[in-house]
Q: 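Have a look at the structure that comes next, please.
Source: prediction; values computed, not measured.
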Amino acid sequence: MMNKLISSFFAIAILLSQGAALYAQNGSRYVANSEQQDLLRKTKIGGIVVLDDFLRTDFPKVDFTKTVMPGPQFIISDDPEYIRVPEAVALQEEVVPGSVRLYVYNVNGVKEPQKIRRKITAVIKNIGKENMSFRMLKYSSQKPSTNYFQVGKQGLADYFASQVSNDVRIVKPGEVIAIDPKLETNVVEYDELVHGFYEFVIDQPAQISVLQTAPERSGPVALSKITQVIPHSHGNAGRGLFGVSNYAIKSTDVVDTKNGISQLIIADGKDDPWIEGTIGADKAYARNAGNYGVLYDTKIKWKSTEGKGLALITWNSRSADNQWCGGMGLTMELFEDNGNKVIRQLPTDTLITKAAPEAILIGIFNPDSTKEIQEIHFTYSPPGASCLPTPLILVPIDLK
């Protein structure tokens, strides 16, 4: 009896201390209170919702399987992020014939002896013995900017929306061309980010380089004159060549609204380790610390045994433990039941979410009485300029 009284007192103390904002039943089931559910129902999809005394990092996790999917050879250029040398190669990798995904994320960091304008560009050299066909499949190129969050959000949105056709160039053996003509015309001021996300197919072995040079010098010409390749430091997200670019994520069990709140956490470096690869000609060890540029085709099975819907939200879970994590913004590709695709920049009503109690409402999913089990389907890619993980939280809510 005494144990029961103590347990009851403890439960009441939790409710009082949190203003009854979050109720834990038997220490394992979390539910949103009526006020929070009402806020979620009234929030515009994609908007920020303020949920006092609600967000936490220890919601029960959704178990999942992760499968490597067929995809392109993947190159990321983010080490160094800030290129401090006026004329230098920041990345140089060789690829074999086939498809390639290239993620350029570099900043003009020249400030000694003074800040100067630069060009940051990406080039490809045909190192094969025959003419190379270079075919662009997906193309996303942003104007250089100091608004890193906006560049990251828009860059991924443009990539998701991109369907390039009839963009084929022929590159002779030994010839070098710019991968993105826009990068050749951009002038990059100090501290501005250059952000490019490309997918293309080649039929000869090639060398890909990301370099910084003078605005008036073309990338192909600069490559022939620059001898310095900046040493890697295993900093930032990293750089290198990776064999994994796409994952399929599937929930192991069916998420049931009766079990309360749960969360899917991917790209955390723990339950979902970082991809590994190599850097440069000597094949030094590489790691993409964040899996930035990797696409996660995600499917969550769910059901409602009590007629409730599911609100999918996310938040900046790292704001309290890292001074560089003061904001978060992302872009997702969501698939509706009819197969239509929706590209959603999040949040939609402002640039970023800052910290708890703010959350972003990604979507609300209604139960279908004709289906026992339903599916939430989306493409997630770790958001550039944001700290990870960005938990994807499933909150059962009454729809009336």
Q: Report, as yes or no, whether the 6.0 Å neighbourhood of atom CZ on Arg117 holds more than 12 heavy atoms from other residues, nucleotides or ligands.
A: no
Q: Are Ile226 and Ile208 connected, step by step, through hydrophobic side chains (Ile, Leu, Val, Met, Phe, Trp, Tyr) whose heavy atoms are closer than 4.5 Å?
A: no
Q: Can you confirm if the aromatic rings of Phe200 and Phe134 lie within a centre distance of less than 6.0 Å?
A: yes
Q: Would Tyr103 and Val294 show up in the same hydrophobic cluster when neighbours are defined by side-chain heavy atoms closer than 4.5 Å?
A: yes
Q: How close do Tyr296 and Pro382 get, heavy atom to heavy atom, and via which atoms?
A: CE1-CD, 3.9 Å
Q: Yes or no on salt bridge (Lys or Arg N to Asp or Glu O under 4.0 Å) for Asp398 and Lys400, after CA distance, side-chain angles and deciding distance?
A: CA-CA 6 Å; Asp398 292 317; Lys400 296 181 180 179; over 6 Å; no
Q: Where is the tightest heavy-atom contact between Asp349 and Gly47, given as atom of each residue plus distance?
A: OD2-CA, 3.5 Å
Q: For the pair Gln374 (side chain) and Asp368 (backbone), establish whether a donor and an acceptor sit closer than 3.5 Å, ignoring hydrogens and angles.
A: yes
Q: When you compare the side chain of Val123 with that of Ile179, does any pair of heavy atoms fall below 4.5 Å?
A: no
Q: Any salt bridge linking Lys61 with Asp271? Criterion: basic side-chain nitrogen under 4.0 Å from a carboxylate oxygen.
A: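 Yes.
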Q: How far apart are the closest heavy atoms of Ala356 and Trp315, and which atoms are they?
A: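 Heavy atoms only, the tightest pair is CB-CZ3, 3.8 Å.
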Q: Side chains of Pro173 and Asn131: closer than 4.5 Å at any heavy-atom pair?
A: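 They are in contact (side-chain heavy atoms under 4.5 Å apart), so the answer is yes.
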Q: Please determine, by modelled atom types, if Asp297 and His377 share a side-chain donor-acceptor pair under 3.5 angstrom.
A: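 Distance-only check passes for Asp297 and His377.
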Q: Just grab all the salt bridge (charged side-chain N to carboxylate O under 4.0 Å, His left out) pairs involving residues 196-214, residues at least two apart or on different chains.
A: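 Output for this query lists Arg101-Glu199.
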Q: Strictly by modelled atom types, are Asn288 and Glu276 linked by a side-chain donor-acceptor pair under 3.5 Å?
A: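 On atom types as modelled, these side chains do not qualify, holding no pair under 3.5 Å.
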Q: State whether Asp272 and Lys66 are salt-bridged, where the test is any N-O pair (Lys NZ or Arg NE/NH1/NH2 against Asp/Glu carboxylate O) under 4.0 Å.
A: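 So Asp272 pairs with Lys66 through a salt bridge.
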Q: Scan side-chain atoms only and decide if Asp180 and Tyr198 contain a donor-acceptor pair under the 3.5 Å cut-off.
A: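 There is such a pair (donor and acceptor under 3.5 Å, judged by atom type) between the side chains of Asp180 and Tyr198.
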Q: Answer yes or no: is there an ion pair linking Glu333 with Lys341, defined by an N-O contact shorter than 4.0 Å?
A: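 Yes, Glu333 and Lys341 are salt-bridged.
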Q: Can you confirm whether the side chains of Gln92 and Ser209 place a donor and an acceptor under 3.5 Å from each other?
A: yes
Q: Check whether the side chains of Thr353 and Glu358 place a donor and an acceptor atom closer than 3.5 Å, and report yes or no.
A: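 Note: Thr353 and Glu358 side chains meet the donor-acceptor criterion.
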Q: Do side-chain atoms of Arg239 reach the backbone of Leu91 as a donor and acceptor pair under 3.5 angstrom?
A: no
Q: Check Phe74, Tyr159, Tyr105 against Phe197 for a ring-ring contact (aromatic ring centres under 6.0 Å, His included) and give me the one that passes.
A: Tyr159
Q: Side chains of Asn106 and Tyr82 only: does a donor on one sit below 3.5 Å from an acceptor on the other?
A: no
Q: Side-chain donor-acceptor pair under 3.5 Å between Thr390 and Tyr380, yes or no?
A: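 Yes, Tyr380 and Thr390 have a side-chain donor paired with an acceptor closer than 3.5 Å.
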Q: Using a strict 4.0 Å threshold on nitrogen-to-oxygen distance, state whether Lys301 and Glu375 make a salt bridge.
A: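 Judged by the 4.0 Å cut-off on N to carboxylate O distance, Lys301 and Glu375 do form a salt bridge.
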Q: Any link between Leu394 and Val31 through a network of hydrophobic side chains (Ile, Leu, Val, Met, Phe, Trp, Tyr) touching at under 4.5 Å?
A: no
Q: Would a hydrophobic clustering, with Ile, Leu, Val, Met, Phe, Trp and Tyr connected at side-chain separations under 4.5 Å, put Leu346 with Val342?
A: no
Q: Is a side-chain N or O of Ser245 found less than 3.5 angstrom from the main chain of Pro72, in a donor-acceptor match?
A: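 Pair found, side chain donor or acceptor close to backbone of Pro72.
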Q: So does Asp191 get a backbone contact from the side chain of Asn108, meaning a donor-acceptor N/O pair under 3.5 Å?
A: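 Not at all, since once roles are kept as given, no pair shorter than 3.5 Å links the two residues.
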Q: Taking atom NZ of Lys138 as the centre, report whether more than 12 heavy atoms of other residues, nucleotides or ligands fall under 6.0 Å from it.
A: yes
Q: For the hydrophobic clusters of this structure (ILVMFWY residues joined by side-chain heavy atoms under 4.5 Å, transitively), does one cluster hold both Leu183 and Val151?
A: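 Different hydrophobic clusters.
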Q: For this output row, return yes or no: ring centroids of Phe54 and Phe59 closer than 6.0 angstrom.
A: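 Yes, they do, as the ring centres are separated by less than 6.0 Å.
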Q: Do Gln154 and Asp158 meet the criterion of a side-chain donor-acceptor pair at a distance under 3.5 Å?
A: yes
Q: Looking only at non-hydrogen atoms, find the nearest pair between Ile362 and Ile45 and report the distance.
A: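 Minimum heavy-atom contact is O-CG2, 3.4 Å.
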Q: Taking the six-membered ring for Trp, are His195 and Tyr148 ring centroids under 6.0 Å apart?
A: no
Q: Salt bridge or not for Lys270 and Asp268, using N-O below 4.0 Å?
A: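 So Lys270 does not pair with Asp268 through a salt bridge.
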Q: Heavy-atom count check: over 12 atoms from other residues, nucleotides or ligands less than 6.0 Å from Lys308 NZ?
A: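 Yes - once you tally the heavy atoms of other residues, nucleotides and ligands closer than 6.0 Å, there are more than 12.
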Q: Is Gln36 reaching over with its side chain to a backbone N or O of Asp52, donor-acceptor style, under 3.5 angstrom?
A: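 A pair under 3.5 Å: yes.
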Q: Name the atoms and distances for all side-chain donor-acceptor pairs under 3.5 Å in residues 213-224, with sequence neighbours left out.
A:
unit_1 : atom_1 : unit_2 : atom_2 : d
Thr213 : OG1    : Glu87  : OE1    : 2.8
Thr213 : OG1    : Glu87  : OE2    : 3.1
Ser218 : OG     : Val221 : N      : 3.2
Ser224 : OG     : Val221 : O      : 2.6

